[in-house]
Amino acid sequence: MRKISFLVLVMAAILVASFSFTRRSEQEIPQTPAALGKMLFFDPILSRHRSISCSSCHREKYAFADTSATSIGELNKKGSRNAPSVMNVSGSGSFFWDGRASSLEEQALIPIANPAEMDLPVDSAVRRLNDDVQYLRYFMAIFKEKPNAKNLGTAIAIFEKTLNTYNTPFEDWQVNDNDSAVSASAKRGFQLFNGKARCAGCHFGGDFNNGGTDYRNIGLFDGKQLQDSGRAVITRSPDDVGRFKIPNLRNVAITAPYMHNGIFRHLREVIEYYNDPDKIVPHPINRDPLLSSPLHLSEIEKEDLENFLRALTDKRFVTTPE
Amino acid sequence: MKKTLIGLLTGLSFSFTLISGPITGRWKVYDPRGPQFQINFRTDNSFTAYSNEGKVLITGNYRTDKDTFLVNDLNCNAAYWGKYQLNIITEDSVAFKLISDTCSGRSEAVNGIVIARLKQK
């Protein structure tokens with residue numbers, strides 16, 4: 001009798017141990033749609049070979065942007081565009097460089113199915129989540145229904161909408177009137193950004209992206225070396241050839257490389273480009289009239305502009321060493 | 001009777017000159033059509049509008065001339081000043097009414113808003 005109960009006890013202990021081995025600890029159990037979305041964002045379960053997650057290309061340390069010029073998908077498939085930050089996207093009216101998705105909910109399912117990215121049909125992704133006892137339980141607890149394409153997109157979108165960053169030197173200066181929050185150089189840079197350098201002609205509003213629904217051509221399409229025609233692929237309008245969504249500039253100092261194709265590795269290169277675009281892309285098609293003449297920025301002015309852009313970095317990234 | 005009327009009038013005009021002066025300081029913006037935000041009108045004629053969470057939304061310049069408010073920001077043409085009438089409801093509460101502003105986005109946003117002075121920041 002004693003022996004049996006001992007055996008039962010040991011077996012139970014083994015069972016519990018093995019169980020908790022594969023189970024997430026209580027702390028990790030998501031309680032909210034945002035926490036569930038975060039878990040999914042970091043989980044390779046959403047890729048065909050379970051090898052990459054959203055966070056492979058949208059790297060948290062770099063404000064959820066990619067450090068390689070164009071992203072690498074499953075099985076090392078090379079994409080053609082640079083992965084932008086997914087922070088500060090809640091106020092944006094469209095997504096992707098060409099604006100082909102109009103909501104984050106819709107956007108979230110696209111990389112999962114994209115053969116060059118996660119390569120897992122959305123139906124299969126949903127089936128996987130239903131077959132996973134833990135996810136099934138989390139979705140039931142949070143959404144009161146089994147995982148489906150809609151609540152999958154919703155969870156990820158809600159997580160992304162929490163990623164707003166405005167704890168920056170720029171805000172400290174402008175909102176708190178803390179004059180020493182940014183350098184004199186960065187202050188001059190802000191003046192230049194709004195004036196001589198013409199940046200605010202396109203990059204304006206809280207996220208410096210004119211609401212994220214404005215597409216402009218800064219001259220990175222020439223039909224030869226630079227072949228991505230951007231917005232025109234979606235609208236089929238010749239006017240849109242070479243136009244791309246005006247990107248958000250928050251945390252831009254840590255989201256290199258830059259532009260839809262990741263062509264520039266440093267902020268300084270971006271500024272050199274705007275200073276005299278012809279020097280870098282001599283025969284652009286359809287370039288915006290705002291950029292028709294060189295800016296004639298001095299070396300100090302270029303530095304000032306760069307220092308202003310650096311003041312848009314959230315403090316959470318300043319304390320993390322590279 | 002007359003005296004009290006005169007007293008009332010001088011009192012009124014006095015308070016009017018006081019409050020129709022600069023609207024410097026921090027204000028909360030009530031806009032029935034949109035999200036609430038705050039605005040800091042500085043003595044150097046610059047202003048910053050920011051969300052309740054503290055995110056900068058718009059920066060620009062302003063001027064006041066009696067009960068006329070002139071505003072200029074980069075979201076519109078930086079060289080152009082939109083014109084609004086300030087209706088002083090109380091010393092700490094002011095309504096904006098459009099006089100002229102060719103920047104339609106701005107006039108839609110500003111016309112009709114009421115701002116209330118923030119006591120302490």
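As a basis for the values below, the full set of heavy atoms in this structure was taken, side chains included, without hydrogen atoms, waters or symmetry mates.
Pairing each heavy atom of Arg26(B) with each of Asp177(A), the nearest pair is NH2-OD2, 3.5 Å. When all heavy atoms are compared, the tightest approach of Lys55(B) to Asp207(A) is NZ-OD1, 2.8 Å.
With a 4.5 angstrom heavy-atom cutoff, Phe208(A) does not touch chain B via any of its atoms.
For Lys302(A), the NZ atom is densely surrounded, since the number of other residues' heavy atoms within 6.0 Å is greater than 12. A 6.0 Å sphere centred on NZ of Lys97(B) holds no more than 12 heavy atoms belonging to other residues, nucleotides or ligands.
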Please determine whether side chain to side chain contact (heavy atoms under 4.5 Å, CB included) holds for the pair Val56(B) and Phe170(A), giving the CA-CA distance in whole Å, both sets of side-chain angles, and the decisive distance to 0.1 Å. CA-CA 8 Å; Val56(B) 173; Phe170(A) 174 66; 3.7 Å; yes
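No donor-acceptor distance shorter than 3.5 angstrom exists from the side chain of Gln174(A) to the backbone of Thr48(B), with no hydrogens or angles considered.
For the atom pair Thr59(B) OG1 and Phe204(A) CZ, the distance stands at 12.0 Å (nearest 0.5 Å).
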